[in-house]
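The structure appears right after this line, and notes come after that.
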Amino acid sequence: MHVHGKHYRAAVATLEPRKLYSLREAVEKVKATAYAKFDESLDVAVRLGVDPKHADQIVRGTVRSRTAGSIPTSSWRPRT
């Protein structure tokens with residue numbers, strides 16, 4: 001069985017398991033519990049209440065944060 005490190009356990013201890021956080025609270029918690037020595041990323045899942053089977057309700061897109069410009073887009077290549 002895998003044992004998590006002390007930084008991970010300390011970060012998890014600050015969170016309440018079943019609590020729904022507002023966006024502002026969630027971002028503050030993520031910033032406060034960051035322990036890696038590199039720029040961490042964050043994935044967000046949003047329920048939009050649309051039916052993707054209907055062509056007029058398909059939602060696609062990406063959002064770049066203000067500080068995400070550290071990697072030049074010309075050097076990025078998709079995986080094959």
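Evaluation of the ring pair (Phe, Tyr, Trp, His ring centres under 6.0 Å) rule for H54 yields no partner, not counting sequence neighbours. Y21 pairs by the ring pair (Phe, Tyr, Trp, His ring centres under 6.0 Å) definition with nothing, not counting sequence neighbours.
Enclosure of atom CZ in R24 is not indicated, since only 12 or fewer non-hydrogen atoms of other residues, nucleotides or ligands lie within 6.0 angstrom. Within a 6.0 Å radius of NZ in K31, no more than 12 heavy atoms belonging to other residues, nucleotides or ligands are found. Atom CG of L48 is surrounded by more than 12 heavy atoms from other residues, nucleotides or ligands within 6.0 Å.
Between the side chain of K29 and the backbone N or O of A11, no donor-acceptor pair lies under 3.5 Å.
Between H7 and Y35, the angle of the ring planes stays under 30°, which puts this pair in the parallel group of the 30/60° scheme.
For the pair E28/T33, no side-chain contact is recorded, criterion being any heavy-atom separation below 4.5 Å from C-beta on.
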